[in-house]
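Below: the structure, in structure tokens.
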Amino acid sequence: YLEWLNSLRFRFLPNSASVQVEFSDLKIDFGYEYWGKTPILIHTPTIDACLSDCIYSLSQNQLPMITGSAAAAKQVIGKTLACLFGQFAYIIRPFPDMSEYFLSKILTGVVSTGALAIFSGIEQLSEKSLCYLFDNAHSIISANEAGSSRITISSRLSDLNKNCRILFTADSNFVSYGNIPPQIKVFARPISLLSPSYSKIIDIYMTSVGFRETKVIVPKFSNFIQSISSIFSTFLPNISLASRFLEICTTAKDMIKHG
């Protein structure tokens with residue numbers, strides 16, 4: 001029974017002809033945001049555990065913060081969560097001189113539309129911006145928990161959509177950064193995302209696209225990916241290798257199909 005409660009479920013409500021997303025005590029209305037093509041994410045045991053921890057944190061009105069390396073698909077996990085909830089996702093990339101005015105406009109849009117805000121790489125923000133972000137994120141979460149319908153952001157009153165959510169991502173060494181205020185380190189719930197196992201990702205993906213003898217191919221393919229990882233890290237430091245070898249696998253499958 002507990003395992004069933006801690007799994008993501010979609011329930012159709014005949015009285016209102018609507019869909020509700022449920023996880024543990026969390027019950028939110030499905031947002032019906034049309035994503036078209038869903039985010040590409042290979043569900044390894046590590047990825048599934050991270051998704052489950054994020055959903056649990058959101059269900060407990062906590063502030064989840066996914067920590068890991070640049071190639072660990074932290075942002076993709078955030079987009080996957082928004083897709084599962086049928087929500088629009090705001091992806092806020094960091095730059096050092098991000099002003100309070102800019103942050104206030106983003107947060108106002110998030111709370112009024114019921115979107116998921118993904119603040120990516122928060123360790124790159126200034127301490128002043130992070131303090132402002134924490135104060136407002138804490139207020140939004142507290143107001144949501146209290147069932148309020150309005151919230152004040154930078155002296156302006158805004159409508160509060162109960163389905164709005166906030167997610168942080170950070171480097172795995174975020175604790176050592178001096179610019180991150182202690183209140184964020186204490187309040188946010190860190191969810192560690194280990195570097196991907198290329199062998200596991202390749203095995204799952206090749207099986208899904210129709211390869212049969214994966215046990216023979218996977219070790220060779222994994223060695224190849226690891227041998228070129230330094231080249232990718234040099235020229236494309238912010239791009240996950242997972243997105244690259246997905247295309248390589250697909251191309252290989254097409255080549256085999258056409259002889």
Side-chain angles (χ1 to χ4, degrees), residues 6-10 21-24 26 28 30-31 33-94 106 110 114-125 133 137 141 163-175 180 184 187-205 208 232 236-247:
N6 291 326
S7 60
L8 194 66
R9 307 178 302 281
F10 298 88
V21 184
E22 299 180 358
F23 183 91
S24 186
L26 174 69
I28 66 172
F30 187 73
E33 179 68 34
Y34 180 66
W35 273 74
K37 186 177 181 181
T38 58
I40 298 176
L41 181 65
I42 298 176
H43 288 256
T44 64
T46 303
I47 295 292
D48 281 342
C50 181
L51 278 169
S52 179
D53 287 343
C54 285
I55 297 172
Y56 179 79
S57 295
L58 295 173
S59 71
Q60 300 301 309
N61 284 311
Q62 297 174 345
L63 179 61
M65 177 167 61
I66 305 176
T67 64
S69 64
K74 302 186 294 290
Q75 199 175 105
V76 180
I77 288 177
K79 290 193 290 185
T80 301
L81 284 172
C83 184
L84 289 172
F85 292 150
Q87 291 178 301
F88 185 84
Y90 284 101
I91 301 173
I92 304 95
R93 294 178 173 85
I106 293 173
V110 168
L116 172 66
I118 304 170
F119 287 89
S120 178
I122 64 166
E123 74 280 354
Q124 300 179 47
L125 294 174
L133 182 59
I141 292 172
N163 292 330
C164 69
R165 298 290 184 271
I166 296 176
L167 173 70
F168 287 170
T169 75
D171 185 81
S172 54
N173 297 319
F174 80 99
V175 176
I180 297 184
I184 287 185
F187 183 71
R189 182 192 178 191
I191 299 172
S192 179
L193 183 60
L194 301 176
S195 297
S197 168
Y198 295 131
S199 296
K200 177 68 70 175
I201 292 175
I202 294 170
D203 190 10
I204 292 173
Y205 184 77
S208 69
F232 276 96
L236 301 169
N238 296 321
I239 296 179
S240 171
L241 278 179
S243 61
R244 296 294 173 180
F245 63 66
L246 288 182
E247 186 172 349

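Computed from a predicted structure; not experimentally measured.
Within the model, atoms CD1 of Ile66 and SG of Cys50 stand 4.0 Å from one another, a figure rounded to the nearest 0.5 Å. Once rounded to the nearest 0.5 Å, the distance linking SG of Cys83 with CG of Leu116 reads 11.5 Å. Going from atom CD1 of Ile106 over to atom CD1 of Ile91 covers 12.0 Å, rounded to the nearest 0.5 Å. Considering CG of Leu193 and CD1 of Ile77, their distance stands at 4.5 Å, rounded to 0.5 Å. Taken to the nearest 0.5 Å, the CG atom of Leu63 stands 9.5 Å off from the CZ atom of Phe119. From Arg165, atom CZ reaches atom CD1 of Ile141 across 9.5 Å, with rounding to the nearest 0.5 Å.
At a threshold of 4.5 Å between non-hydrogen side-chain atoms, the residues Phe168 and Leu133 count as touching. Using a 4.5 Å heavy-atom threshold, the side chains of Phe85 and Leu58 count as touching. Using a 4.5 Å heavy-atom threshold, the side chains of Ser120 and Ile92 count as separate.
The minimum heavy-atom distance linking Ala170 with Met65 is given by the pair CB-SD, 4.0 Å. Nearest approach of Phe30 to Leu84, heavy atoms of both residues: CE1-O, 3.3 Å. Summarising the geometry of Asn173 relative to Asp171, their closest heavy-atom pair is N-OD2, 2.9 Å, with the distance given to 0.1 Å. Shortest non-hydrogen contact noted between Pro190 and Thr67 is CB-CG2, 4.5 Å. Looking at every heavy atom in both residues, Leu81 comes nearest to Cys54 through CD1-CB, 3.7 Å. Taking all atoms of both residues into account, the shortest heavy-atom contact from Ile191 to Pro64 is CD1-CB, 3.9 Å.
Under the side-chain hydrogen bond (donor to acceptor under 3.5 Å, both in side chains) criterion, the residue pairs touching residues 82-94 are Gln75-Arg93, with sequence neighbours excluded.
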Thr169 and Ile122: CA distance, side-chain angles, deciding distance, side chain to side chain contact (heavy atoms under 4.5 Å, CB included) verdict
CA-CA 6 Å; Thr169 75; Ile122 64 166; 6.0 Å; no

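Not one N or O on the side chain of Ser52 forms a donor-acceptor pair closer than 3.5 Å with the backbone of Ala49.
By the salt bridge (charged side-chain N to carboxylate O under 4.0 Å, His left out) test, Asp203 pairs with Lys215, sequence neighbours left out. Applying the side chain to side chain donor-acceptor pair (under 3.5 Å) rule to Glu123 yields no partners; only residues at least two apart in sequence or on another chain are considered.
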